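The model shown is predicted, which means the values in this text are computed figures rather than measured ones.
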Amino acid sequence: MQAESGSGAGGGEHKPAEPAEPAEPAEPAKAAKPAKPGSRRPPRLTQDTARPEGGGRAAPGGAPAPARQWPLLAVMAGTGLGLLVVALDAWRVGAIIIGLAMIGGAVLRWTLPSVGMLAVRSRFTDLFTYGGLGAAIVLLALMAQPHAWLKIPFLDDVLHFTVQ
């Protein structure tokens, strides 16, 4: 490929750029043609992204913004409380509170038809993510050493080479 600007190593004559011809406008009927009423075919151009299922407002539109997002605020308040407890040097209890807040988010996502911004992806994905992470956090907090609150016997057999 050679540069057409004339400033390259070729040293050839510089030709002034010719004005570009105006592009013909695309046919608006074909480019943004919506699907026929009653048709199951999607439109040719996507106009917007779809909301996750259950991603509508959790309260009527006239309510103030915090009231419309109360499920997300409830999960965030539980997580904030857990972080405060961790900061006050009760790390195990704080981690359990954080995990329970995540499990609470999964329960809210499962039971309520609209949870506002707590809905990130599909309902199944949110349930799996919130519930799985919450359960993992709670179990790890219960099994953490020293002085574990939950002892699982087969873990001693699995880890006896490295722990003892």
Side-chain angles (χ1 to χ4, degrees), residues 1 3 26 28-164:
M1 258 196 244
K30 274 190 176 180
K33 184 178 179 182
K36 294 179 183 176
S39 171
R40 293 178 44 173
R41 182 171 292 187
R44 288 186 179 173
L45 283 179
T46 304
Q47 300 296 325
D48 199 359
T49 57
R51 246 185 209 166
E53 58 180 291
R57 294 183 176 130
R68 291 192 307 256
Q69 299 300 330
W70 72 266
L72 177 65
L73 292 175
V75 173
M76 289 177 62
T79 304
L81 176 66
L83 290 173
L84 179 67
V85 171
V86 168
L88 296 174
D89 210 24
W91 64 269
R92 191 182 307 261
V93 175
I96 291 172
I97 292 172
I98 292 170
L100 290 176
M102 295 291 289
I103 293 172
V107 169
L108 287 173
R109 184 72 172 102
W110 187 24
T111 58
L112 297 177
S114 293
V115 290
M117 288 174 32
L118 189 62
V120 179
R121 303 244 189 305
S122 70
R123 190 175 306 268
F124 173 78
T125 304
D126 285 346
L127 284 172
F128 183 74
T129 304
Y130 295 147
L133 289 176
I137 291 171
V138 169
L139 285 174
L140 288 173
L142 290 173
M143 293 187 304
Q145 297 293 328
H147 313 296
W149 290 2
L150 175 66
K151 295 183 190 234
I152 300 178
F154 76 88
L155 286 180
D156 287 335
D157 296 335
V158 172
L159 299 175
H160 82 280
F161 292 112
T162 59
V163 176
Q164 296 176 3

(request) Output, in order, the C-alpha distance, side-chain angles, deciding distance and verdict of salt bridge (charged side-chain N to carboxylate O under 4.0 Å, His left out) for Asp126 and Arg109. (result) CA-CA 7 Å; Asp126 285 346; Arg109 184 72 172 102; 2.8 Å; yes

(request) Locate the shortest heavy-atom distance separating Ala106 from Gly131; write the atom from each residue and the value. (result) CB-N, 3.6 Å

(message) Nearest 0.5 Å, please: how far is CG in Leu88 from CG in Leu83?
(response) 11.0 Å

(message) Show the nearest heavy-atom pair for residues Leu150 and Leu139, with the distance to one decimal.
(response) CD2-CD2, 3.9 Å

(request) Examine Arg92 relative to Trp149 and say whether NZ or CZ is less than 6.0 Å from the centre of the six-membered ring and inside a 45° cone about the ring axis. (result) yes

(message) Could you go through Leu112 and Trp70, starting from their C-alpha distance and side-chain angles, then the distance that decides it, and tell me whether this counts as side-chain contact (heavy atoms from CB on, under 4.5 Å)?
(response) CA-CA 12 Å; Leu112 297 177; Trp70 72 266; 3.6 Å; yes

(request) Might you point out which heavy atoms bring Met117 and Leu72 nearest each other, and give the distance in Å? (result) CB-CD2, 3.9 Å

(request) Could you check if a side-chain atom of Leu118 sits within less than 4.5 angstrom of a side-chain atom of Leu108, using non-hydrogen atoms only? (result) yes

(message) Would you compute the distance between atom CD1 of Ile137 and atom CD1 of Ile96 and round it to the nearest 0.5 angstrom?
(response) 11.5 Å

(message) Are Thr125 and Tyr130 packed together at the side-chain level, in the sense that at least one heavy-atom pair is separated by less than 4.5 angstrom?
(response) no

(request) Look up atom CD1 in Ile97 and atom CG in Leu81, then write down how far apart they are to the nearest 0.5 Å. (result) 4.5 Å

(request) Determine the minimum heavy-atom distance between Ala101 and Gly78, stating which atoms define it. (result) CB-C, 3.8 Å

